[in-house]
There are 2 protein chains.
Amino acid sequence: MEIIRKTKSVKLILNQFEQRDSAISTVDLIEKLNSEINKTTVYRILDKLEYSGVLHSFLGLNGIRWYAKCKNCSTSHHSDLHPHFQCTSCGKVDCLDIKITMPTIPNREVTSSQFLLQGKCERCSS
Amino acid sequence: MEIIRKTKSVKLILNQFEQRDSAISTVDLIEKLNSEINKTTVYRILDKLEYSGVLHSFLGLNGIRWYAKCKNCSTSHHSDLHPHFQCTSCGKVDCLDIKITMPTIPNREVTSSQFLLQGKCERCSS
DNA sequence: CCGTTAATGCAACTAAGTTGCAAATATATA
DNA sequence: TATATATTTGCAACTTAGTTGCATTAACGG
């Protein structure tokens, strides 16, 4: 899971993330690159990009996995404690630039968290 | 989705939730009641119990759905803004009795949220 | 340019959850 | 208590996200 070569498929996937700023679901990515990359490959590349700190992932509504660019992550540390927002109308997901104060809970050692907000995005509520 | 009859299957499922205080995943429930109830029925009953405000649901790690007893919910309003905690070691999930202050986000109308904390529970970290 | 090793495609699989339909059963009413 | 009716159930078949093993292909360091 360590070494990552700059293959055609890797470039195609990274290109998708450079084109937009919002998160992309695995399903969308597979659909979009369907004629160029096999879905197994998409899953494997996303895994590696997350592992190496290029992307971070989280679950949206319906348990589908989403990926977004990392801002301050590395292989050893994922600092993605920001919440995500999914529009229940258009389905689009964004990273929110808000810091979450991780609650301390007695008798439990919290190591990470996922915070998903749902509602209507600007475009869908107007 | 409205009317719910007190059938043998409904009683069996409610009984599972009365026996414990932590959340139960759909998968566990199906497995546990496997000899008595068909999985389709389990899914359908859980849907109805959530709809009618008896249970609330959320996604755990891996996108599996979990259900837990509601405390102050009704058909019209689900007041389950509390976070959930999943132990990465034993997989058990609990509701946390903590109030979340819903962040206000410019240009977005937030209607609900899911907050999942991960780490080690008391039993697994000692 | 070549050899090594990682990356890819493919096909088959797993697992969660859904759907349609016929048969069974809860419940209100007579 | 019997009956009508609408809800609930089981079953089988399906959908969809994600995974695995393996043989083939392609990066890239020397």
Side-chain angles (χ1 to χ4, degrees), chain A residues 1-17 23-68 75 84 86 91-93 114 116, chain B residues 1-16 23-68 75 84 86 91 93 114 116:
Chain A
M1 270 281 277
E2 290 112 78
I3 290 146
I4 188 149
R5 291 181 177 175
K6 282 182 188 166
T7 65
K8 200 182 68 178
S9 305
V10 170
K11 282 175 202 159
L12 280 167
I13 287 177
L14 286 176
N15 188 41
Q16 288 295 319
F17 286 94
I24 313 176
S25 73
T26 325
V27 177
D28 277 0
L29 214 46
I30 288 167
E31 164 71 25
K32 203 160 285 173
L33 299 170
N34 144 61
S35 59
E36 289 136 300
I37 320 178
N38 180 276
K39 70 166 180 169
T40 311
T41 305
V42 175
Y43 280 112
R44 290 195 274 227
I45 290 177
L46 290 173
D47 267 4
K48 284 185 192 164
L49 290 174
E50 179 170 27
Y51 183 85
S52 53
V54 178
L55 302 176
H56 66 275
S57 81
F58 53 92
L59 299 176
L61 305 169
N62 322 116
I64 285 177
R65 190 159 291 276
W66 291 75
Y67 285 85
T75 308
H84 296 96
Q86 180 158 26
K92 196 179 146 189
V93 178
Q114 299 221 0
L116 182 70
Chain B
M1 270 281 278
E2 290 112 81
I3 290 145
I4 189 150
R5 292 180 174 178
K6 282 182 187 167
T7 65
K8 198 182 71 177
S9 304
V10 170
K11 282 176 201 159
L12 280 166
I13 287 178
L14 286 176
N15 188 41
Q16 288 294 319
I24 314 175
S25 73
T26 325
V27 177
D28 277 0
L29 214 47
I30 288 167
E31 164 71 25
K32 204 159 287 173
L33 298 170
N34 143 60
S35 59
E36 289 135 300
I37 319 179
N38 181 275
K39 71 166 180 170
T40 310
T41 306
V42 174
Y43 280 112
R44 290 196 273 227
I45 290 176
L46 289 173
D47 267 4
K48 285 186 192 165
L49 289 174
E50 179 171 27
Y51 183 85
S52 52
V54 179
L55 302 176
H56 65 275
S57 82
F58 53 92
L59 299 175
L61 304 170
N62 321 115
I64 285 177
R65 191 160 291 277
W66 291 74
Y67 284 87
T75 309
H84 296 96
Q86 180 158 26
V93 178
Q114 300 221 359
L116 183 70

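Order of the sequence lines fixes the chain letters, A, B, ..., with proteins taken first and strands second; residue numbering starts at 1 for each chain. Computation of the quantities below employed the complete heavy-atom set of this structure, encompassing side-chain atoms and omitting hydrogens, waters and symmetry-equivalent molecules. Nothing here was measured: the structure is a model prediction, and the numbers come from that model.
Here A:Asn38 pairs with A:Thr40 under the side-chain hydrogen bond (donor to acceptor under 3.5 Å, both in side chains) rule; sequence neighbours left out. Applying the side-chain contact (heavy atoms from CB on, under 4.5 Å) rule to B:Ile45 yields the partners B:Ser9, B:Val10, B:Ile13, B:Thr41, B:Leu49; only residues at least two apart in sequence or on another chain are considered. Remark: A:Ile30 engages A:Thr26, A:Lys39, A:Val42, A:Tyr43 in a side-chain contact (heavy atoms from CB on, under 4.5 Å) (not counting sequence neighbours). A:Asp28 is linked by a side-chain contact (heavy atoms from CB on, under 4.5 Å) to A:Ile24, A:Ser25, counting only residues two or more places apart in sequence or in another chain. For A:Glu31, the side-chain contact (heavy atoms from CB on, under 4.5 Å) test picks out no residue, with sequence neighbours left out.
Spacing between atom OH of B:Tyr51 and atom P of D:dT7 amounts to 14 Å, rounded to whole angstrom units. The nearest whole Å value for the distance from the CG atom in B:Leu29 to the C1' atom in C:dA16 is 14 Å. In this structure, CG of B:Asp28 is placed 14 Å from P of C:dA15, rounded to the nearest angstrom. Rounded to an integer number of Å, the gap from NZ of A:Lys11 to P of D:dA26 is 14 Å. Atoms CD1 (A:Ile37) and P (C:dC10) sit 13 Å apart, rounded to a whole Å. Rounded to whole Å, the distance from CD on A:Glu36 to C1' on C:dG9 is 15 Å. In this structure, B:Asn38 atom CG and D:dA13 atom P are separated by 14 Å, rounded to whole Å. Atom C1' of nucleotide D:dC28 and atom NZ of A:Lys8 are separated by 17 Å, given to the nearest angstrom.
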Pull out every protein N or O sitting under 3.5 Å from an N or O of nucleotides 27-30 of chain C, one pair per line with the distance.
| from | atom 1 | to | atom 2 | distance (Å) |
| --- | --- | --- | --- | --- |
| C:dT27 | OP1 | B:Lys6 | N | 3.2 |

I'd like a table of atom pairs between the protein and nucleotides 16-19 of chain D - only N or O on both sides, under 3.5 Å - with the distance next to each one.
| from | atom 1 | to | atom 2 | distance (Å) |
| --- | --- | --- | --- | --- |
| D:dG18 | OP1 | A:Arg65 | N | 3.3 |
| D:dG18 | OP2 | A:Tyr43 | OH | 3.0 |
| D:dG18 | N7 | A:Lys39 | NZ | 3.1 |
| D:dG18 | O6 | A:Lys39 | NZ | 2.8 |

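Among the candidates B:Val93, B:Leu59, B:Val27, the single residue satisfying the side-chain contact (heavy atoms from CB on, under 4.5 Å) test with B:Trp66 is B:Val93.
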Checklist entry - For A:Val54 and A:Leu14, what are the C-alpha separation, side-chain angles and deciding distance, and is it a side chain to side chain contact (heavy atoms under 4.5 Å, CB included)? => result CA-CA 9 Å; A:Val54 178; A:Leu14 286 176; 3.9 Å; yes
Next on the checklist: Between B:Gln114 and A:Gln86, does the side chain to side chain contact (heavy atoms under 4.5 Å, CB included) criterion hold? Intermediate values first, please.
Outcome noted: CA-CA 11 Å; B:Gln114 300 221 359; A:Gln86 180 158 26; over 6 Å; no
Checklist entry - Going through the checks in order, is the side chain to side chain contact (heavy atoms under 4.5 Å, CB included) test met by B:Leu116 and A:Phe58? => result CA-CA 11 Å; B:Leu116 183 70; A:Phe58 53 92; over 6 Å; no
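Counting any heavy atom pair closer than 4.0 Å across all strands shown, B:Glu31 reaches no nucleic acid atom.
Closest non-hydrogen pair, A:Phe17 versus A:Tyr67, comes out as CE2-O, 3.3 Å.
Interatomic distance, A:Gln16 CD to A:Leu33 CG, rounded to the nearest 0.5 Å: 5.0 Å.
Side-chain nitrogen and oxygen atoms of B:Thr41 include none within less than 4.0 Å of the OP1 or OP2 phosphate oxygen of D:dT8.
Under 3.5 Å, the side chain of B:Arg44 and the base of C:dG17 form no donor-acceptor pair of N or O atoms.
Overall bending of the helix from C:dC1-D:dG30 to C:dA30-D:dT1, expressed as the angle between end axes built from five pairs apiece, is 40° (10° steps).
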